[in-house]
Amino acid sequence: MSDRPVVTRIAPSPTGSMHIGTARTALFNWLYARHTGGKFLLRVEDTDRERSTQGAVEVIFEGMKWLGLDVDEEPVFQFARADRHVLAAQDLLAKGRAYRCYMTIEETAAEREIARAEGRAIRSPWRDAEANFNDRPYVVRFKGPQDGETVVHDRVKGDVSFKNKDLDDLILLRTDGTPTYNLAVVVDDHEMGVTHVIRGDDHLNNAARQTLIYEALGWDVPIWAHLPMIHGPDGAKLSKRHGAQAVGEFDEMGYLPEAMRNYLARLGWGHGNDELFSDEQAISWFELEDVVSAPARLDWDKLNHINNHYLRLADIDRLAGLVTKVHSSRDLHLAEGDAAILSRTIPLVRDGAKTTLDLADATVFALKRRPLELPEKIRGLLSDETRARLSRLRDRLAGQGDWTVADLEGLLRGFAESEGVGLGKIGPALRGVLSGGSPAPDLAGALVSLGKEESLGRLDDALSQPA
Ligand code: GLU
């Protein structure tokens, strides 16, 4: 098995959102495929017809695209493959490894009660009956071994044994002939050539059942790697109260996909103490053996730290585009020239930003339209003396050619000196007049963000308002 090229897959069920755990599983499969030079595939497990709407499927495609996890073949849709699943069930029937079970719903419920009381798996009286009625409804059940053990050799968990007597004879085909989950997964993974099944450890029990089905069909059992769950910061199962759970929510909260990849890679896997690494590094380092088996905990501080790192690395035009989207979602629509303002402002504010929402907050001041409405607190700063000073500063600024942070810092220092006061005497009022009271970078930074014309204009507006 190990000499075959690696094929991994992500097999999400469309539910309307893409859970962060699914994103992490997709990432690990992608990393492993890229690490080994293998293939990474996508299978949409759309057998629940009510939930698997076009919209719910789109959410998965969009989530994968946003995360930057490219797949190597066209996606496979599980529902469309039902015929293949049925063929496999028929094969198992022919091999004597499955049987028709005619238990009614009531009989099954009664058997379930007794089995529970006796602490064993349910058994069907039809298991060894070899009966074939054509006029009675039946399900097709797998004929599992009743003694011995099934061992799941897992790359993350080690060998995990399951007593066969605890595994009931799984239904393969329902009364209406439709295949069940465990059968479909085995047939699809086999026919897609999947060599490594890397998924959440909530599927570990299924791995035992699926191992038995593989063996009964005479197929190679894939290599299993069951990943620890992602828990909330408090160690409890991840839920709504921990904040975001879906990929789309992280996008809306202003996290960058490359930051998510870096962060998610560290949820359950790691390379020494490395916290920040590129995709290339993760790909070259990623080994299943380094996945830890204990649950991982979502840590917002770490995610914010990582996102800040990638915000500082990101292309400014790209960030300007993302920030523009945030502004328009808040009904702040950009006018001509505003894109240039954003491009000047973002480099000055991104060091302190955790998300693109922070970037949006930090750029609002620069997008305001003249004349700015000055809050009472700022108007209170505009004494006659301060006005006179700001007016002299205005003239000095008007005569300034180069409009860089360094030039303007020099100008402001020189001006304060010539006035015989500290910068603290001018700073708050100037800042207020330029920002209208919204968060803004340092004085020189605010002037650079706004540009010369807008800066002078805002000063003029404030100075022409009655005291
Ligand atoms: N469709 C399953 C899920 O969404 C995954 C099945 C698998 O990975 O084998 O949890």
Side-chain angles (χ1 to χ4, degrees), residues 6-33 38-53 56-64 67 69 71 73 75-82 84-85 88 150 152-157 160 162 170 172 178-214 217 219-230 237-238 245-248 264 268 288 291 295:
V6 166
V7 179
T8 67
R9 52 47 163 199
I10 180 73
S13 311
T15 59
S17 74
M18 185 168 175
H19 193 268
I20 193 75
T22 306
R24 197 267 316 251
T25 300
L27 174 70
F28 282 25
N29 277 282
W30 179 81
L31 285 173
Y32 193 61
K39 275 188 191 174
F40 171 55
L41 309 181
L42 168 62
R43 179 172 70 240
V44 180
E45 304 216 312
D46 56 349
T47 50
D48 180 341
R49 300 314 288 161
E50 259 162 48
R51 299 189 91 181
S52 304
T53 58
V57 174
E58 270 322 308
V59 167
I60 291 170
F61 292 160
E62 276 162 23
M64 295 286 289
L67 285 163
L69 304 179
V71 293
E73 287 176 13
V76 169
F77 291 87
Q78 187 159 65
F79 181 70
R81 295 181 35 80
R84 308 293 309 172
H85 310 146
T150 298
V152 174
H153 303 286
D154 192 274
R155 282 280 180 94
V156 176
K157 308 274 170 187
V160 187
F162 294 82
L170 184 75
L172 301 174
T178 56
T180 56
Y181 165 72
N182 278 296
L183 173 66
V185 168
V186 168
V187 174
D188 291 347
D189 281 338
H190 174 73
E191 295 189 357
M192 289 164 72
V194 171
T195 58
H196 291 67
V197 171
I198 305 169
R199 62 186 173 190
D201 65 9
D202 48 336
H203 286 286
L204 192 58
N205 281 310
N206 287 330
R209 299 177 168 291
Q210 291 168 10
T211 296
L212 290 170
I213 301 175
Y214 275 105
L217 285 163
W219 295 343
D220 283 341
V221 180
I223 290 166
W224 306 110
H226 286 89
L227 309 174
M229 292 285 105
I230 301 175
K237 195 172 181 297
L238 194 61
Q245 291 185 80
V247 171
L264 289 176
L288 290 172
V291 175

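In listed order, ligands and their atoms are each counted from 1. The chain is numbered in sequence order, starting from 1.
Nearest to atom 10 (O) of ligand 1 among the protein's heavy atoms is His203 NE2, 3.0 Å. The protein atom (non-hydrogen) at minimum distance from atom 5 (C) of ligand 1 is Ala11 O, 3.3 Å. Looking at atom 4 (O) of ligand 1, its nearest protein heavy atom turns out to be Ser13 OG, 3.3 Å. Looking at atom 6 (C) of ligand 1, its nearest protein heavy atom turns out to be Tyr181 OH, 2.9 Å.
Ile60 approaches Leu42 most closely through the heavy-atom pair CG2-CD1, 4.4 Å. In terms of heavy atoms, Met192 sits closest to Leu41 at O-CD1, 3.7 Å.
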| said: One pair to check against side-chain hydrogen bond (donor to acceptor under 3.5 Å, both in side chains): Asp188 and His85. What are the steps and the verdict? | reply: CA-CA 8 Å; Asp188 291 347; His85 310 146; 2.8 Å; yes
| task | Could you go through the side-chain contact (heavy atoms from CB on, under 4.5 Å) check for Val291 and Arg155 one step at a time? | result | CA-CA 9 Å; Val291 175; Arg155 282 280 180 94; over 6 Å; no
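Screening residues 8-25 for salt bridge (charged side-chain N to carboxylate O under 4.0 Å, His left out) gives Arg9-Asp189 as the qualifying pairs, with residues at least two apart or on separate chains.
Screening Asp201, Asn205, Asp154 against His226 for a side chain to side chain donor-acceptor pair (under 3.5 Å) leaves a single residue, Asp154.
In Arg9, the part holding a heavy atom less than 4.0 Å from any atom of ligand 1 is the side chain.
Annotation: Arg199 places an N or O atom under 3.5 Å from an N or O atom of ligand 1; distance criterion only.
With ligand atoms numbered from 1 in the order given, ligand 1 contributes 1 (N), 2 (C), 5 (C), 6 (C) to contacts under 4.0 Å with heavy atoms of Glu45.
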